[in-house]
Peer 1: 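I'd like to ask you about the structure that follows.
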Amino acid sequence: MSMNRRDFLQVLAVAAAGGLSLHSNPSEAAKAATRMYDLPRFGNVSLLHMTDCHAQLLPIHFREPDVNLGIGPMAGQVPHLVGDKLLRHFGIRPGTPEAHAFTYLDFVKAAKTYGKVGGFAHLATLVKQLKASRPGALLLDGGDTWQGSGLALWTNAQDMVDACKALTVDVMTLHWEATYGEARVKEIEEKDFKGTVDIVAQNIKTADFGDPVFKPYVIRNINGVAVAIIGQAFPYTPIANPRWQVPNWSYGIQDDNLQKVVDEARAAGAQAVVVLSHNGMDVDLKMASRVRGVDAILGGHTHDGVPAPVIVKNAGGQTLVTNAGSNGKYLGVLDLEVKGGKVTDFRYKLLPVFANLIPADPAMDALIKKMRAPYEGKLAEKLAVSEGLLYRRGNFNGSWDQLILDALLAEKNAEIAFSPGFRWGTSLLPGDTIRMEHLLDQTAITYPWTTVTMMTGEQIKTVLEDVCDNLFNPDPYYQQGGDMVRVGGLEYTCDPMGRMGGRISDMRLGGKLLEAGKTYKVAGWAPVSEDAAKAGGEAVWDLVARYLKGQKVIRSRPLNLPALKGMAGNPGMA
Amino acid sequence: MNMQRREALKAGGGLGLFGLLAAAGLITPSQARAEWNKSAFDAKTIEETLKALGATGAQSSTDIQITAPDIAENGAVVPVGVVSALAGVEVIALLIEKNPNPLAASFTLPAGTEASVQTRVKMGQTSDVIAVVKVGGKFIMTKKEIKVTLGGCGG
């Protein structure tokens, strides 16, 4: 089916009649909504880009960060802008659906007004409409697609594999996919995806001889134009995630090899070259400045919803760098005009996917219902009711993480708790029931064990410094793209502009300074070492579920945030 | 996709790895017979090591490239390569600044050899890795930081 303007208006009218007040001014909202999806075709090559959906098949809420700091040369630069600074930079009017899609501003009210975002059934309708209006268009998936929900974990990613085939994904690259293990990824590539979806990754090699594990790139003919899609998997997968899950694969940024692949693709006749990347935006921006001959880098990993591309000049001309957010919230549309063997012009739009404005595709809807059916009971289990907003995203802490930390402290009887700075995890509005599905949205990983470790004050500082450098190293090639580890019980001061090993200070427990040689009881989860995997431990969702059921009603609780040094006036902070 | 070398080696059956490599002409038994510079390998600091190598005062140069990951996947086996396009390279030494004994490897190149070496080094912590090259009787050097991290918490 394809959608036209009238369909959208009808949907909108129904929504308005049902009490959904868009902007409390239906005609203005109708115009805004129609404009949003009324995207005139441009050029002769179109690429649709989704990334980091984290297995969210149904519409959800996702609050964008109010802290997304850029350090050194990245300070105040895209994507390190939040709230009204982001709106101003991209010329988005406050109070519009776009302002809600791209910022945390007035989140609860706007979320109630505009409704949920994403969902594969709605995404499918939009993809069909865009593929119909843009013959030959490809759908590219930047990865982090198979992980992030209970259903994906329990089906060993089969739900997402089937949904992506139904969504007509053409080419994808990888990150969290690898946490299902090498064998599972290759099985999906060689069986499920055979003849439909190409997995590309120029930077995954065998650890022994450096042979390619996946195709580095594919060339597709779009309206007579040869277009190369090169894959760039998340370069630090075996570091940020358990190495034992990919023991025979070696990663890395490998921009010298990327240059070789670009040159090879050009020599093979590619007139347009696009890198489908899971580097994270800062790494993509640096890579774009170093590699010649790439027309666009369609990026993900850092979950930055960036409304317009950054144009990076380099020795080969220029490269567009985009980032398409997360959780199925957006679909990127890149239209290229290719003339005389090269890209001469472009249009780009990052479309927010408002579930209330795009009807569900019936076939995808039926597929999702069928896949969920055996698990509905477990997913729907009621754990507690939240009085406040629950969200995760942000450099230092979120209310969902605070809840997990409080659960770890209480259930493990620990003095300090650590929770990983993941950027995925959906949001719940005040008054929402917390169901098992929502808890799994925050925790569903293949190494979910909770841990208790006796650590010295010095070791605790080492951990905080290590993670902090992965976030704030002034050279993006030394970053890993997650947020700061969330900390319970312990107060500290953070100087993001400090040097490696010198950013964390004034660590206090109950007001008393931590002693370097003293031992403290620290609870955590998601250990990456193979020893931790062998040791096992209670899964974090079981521990938190028990805590939530005991609490019944979750009151809004203060976030444990570090005191920040030197960040006043940084546009990456509210 | 082409069969990967690991598969080819498995398929090679009874013939051992070194047999295959030798058969392929990749290693020859006469290699690795360079003189062992004990004092250089025992040295505890960069200065002592450079002195023992006779490389004190080596000038920084852009004619040497270190190929290595920015962040090590496994500190126990970090792949590091050194390449130089200069003619007449005699020695390539690899130093890890923060290791207890910085000198990790020293390669003596016979005349006419392409100056390109690859090895695996062990690193306990984030450190500069220094490549020292002897060419035309003079020493030059370059360095690159390799980060060794605890891991976890990504994405």
Peer 1: When you measure from the side chain of B:E73 to the backbone of A:S250, do you find a donor-acceptor pair of N or O atoms at a distance under 3.5 Å?
Peer 2: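 Pair absent, no side-chain N/O of B:E73 close to backbone of A:S250.
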Peer 1: Crowded around A:E458 CD? As in, over 12 foreign heavy atoms under 6.0 Å?
Peer 2: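 Counting neighbours around CD of A:E458, 12 or fewer heavy atoms of other residues, nucleotides or ligands fall under 6.0 Å, so no.
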Peer 1: Which atoms of A:W525 come close to chain B, meaning under 4.5 Å heavy atom to heavy atom: side chain ones, backbone ones, both, or neither?
Peer 2: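 Interface part for A:W525: neither.
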Peer 1: Do other residues, nucleotides or ligands put more than 12 heavy atoms under 6.0 Å from B:E114 CD?
Peer 2: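 No, not enclosed.
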Peer 1: Verify the neighbour count for atom NZ of A:K461: are there more than 12 heavy atoms of other residues, nucleotides or ligands below 6.0 Å?
Peer 2: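 Check passes, neighbour count above 12.
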Peer 1: Show the nearest heavy-atom pair for residues A:Y478 and B:D70, with the distance to one decimal.
Peer 2: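 Looking at all heavy atoms of both residues, the closest pair is CE2-O, 3.1 Å.
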Peer 1: Can you tell me which of A:G252, A:P238, A:P235 forms the most heavy-atom pairs within a distance under 4.5 Å of chain B?
Peer 2: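 Option with the greatest count: A:P238.
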Peer 1: Atom CG in B:L150, atom CG in A:D469: separation rounded to 0.5 Å?
Peer 2: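 The distance works out to 11.0 Å.
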Peer 1: Mark yes when over 12 heavy atoms from residues, nucleotides or ligands other than A:E190 sit less than 6.0 Å from its CD; otherwise mark no.
Peer 2: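 It does: A:E190 CD has more than 12 such atoms within range.
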Peer 1: Please determine whether the number of non-hydrogen atoms from other residues, nucleotides or ligands lying under 6.0 Å from atom NZ of B:K143 exceeds 12.
Peer 2: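 At most 12 heavy atoms, drawn from other residues, nucleotides or ligands, come within 6.0 Å of this atom.
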Peer 1: Could you state the interatomic distance from CG (A:D475) to CD (B:E145), rounded to the nearest 0.5 Å?
Peer 2: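 So the CG of A:D475 and the CD of B:E145 are separated by 8.5 Å.
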Peer 1: Please state whether the side chain, the backbone, both or neither of A:Y251 comes within less than 4.5 Å of a heavy atom of chain B.
Peer 2: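 Contact with chain B involves both backbone and side-chain atoms of A:Y251.
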Peer 1: Once rounded to the nearest 0.5 Å, what's the spacing between atom CD of B:Q125 and atom CG of A:D466?
Peer 2: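 These two atoms lie 11.5 Å from each other.
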Peer 1: Using non-hydrogen atoms only, which part of A:Q254 is less than 4.5 Å away from chain B: side chain, backbone, both, or neither?
Peer 2: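 For A:Q254, neither part sits under 4.5 Å from chain B.
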Peer 1: Select one option (side chain, backbone, both, neither) describing which atoms of A:M484 are under 4.5 Å from chain B's heavy atoms.
Peer 2: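 For A:M484, there is no contact with chain B at all, as no heavy atom is under 4.5 Å.
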Peer 1: How far apart are the closest heavy atoms of B:R120 and A:D208, and which atoms are they?
Peer 2: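 Closest approach of B:R120 to A:D208: NH2-O, 4.1 Å.
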Peer 1: How close do A:N470 and B:T149 get, heavy atom to heavy atom, and via which atoms?
Peer 2: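 Looks like ND2-OG1, 3.6 Å.
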Peer 1: Would you mind checking which part of A:I253 comes under 4.5 Å of any heavy atom in chain B, side chain (CB onward), backbone (N, CA, C, O), both or neither?
Peer 2: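 The answer is the side chain of A:I253.
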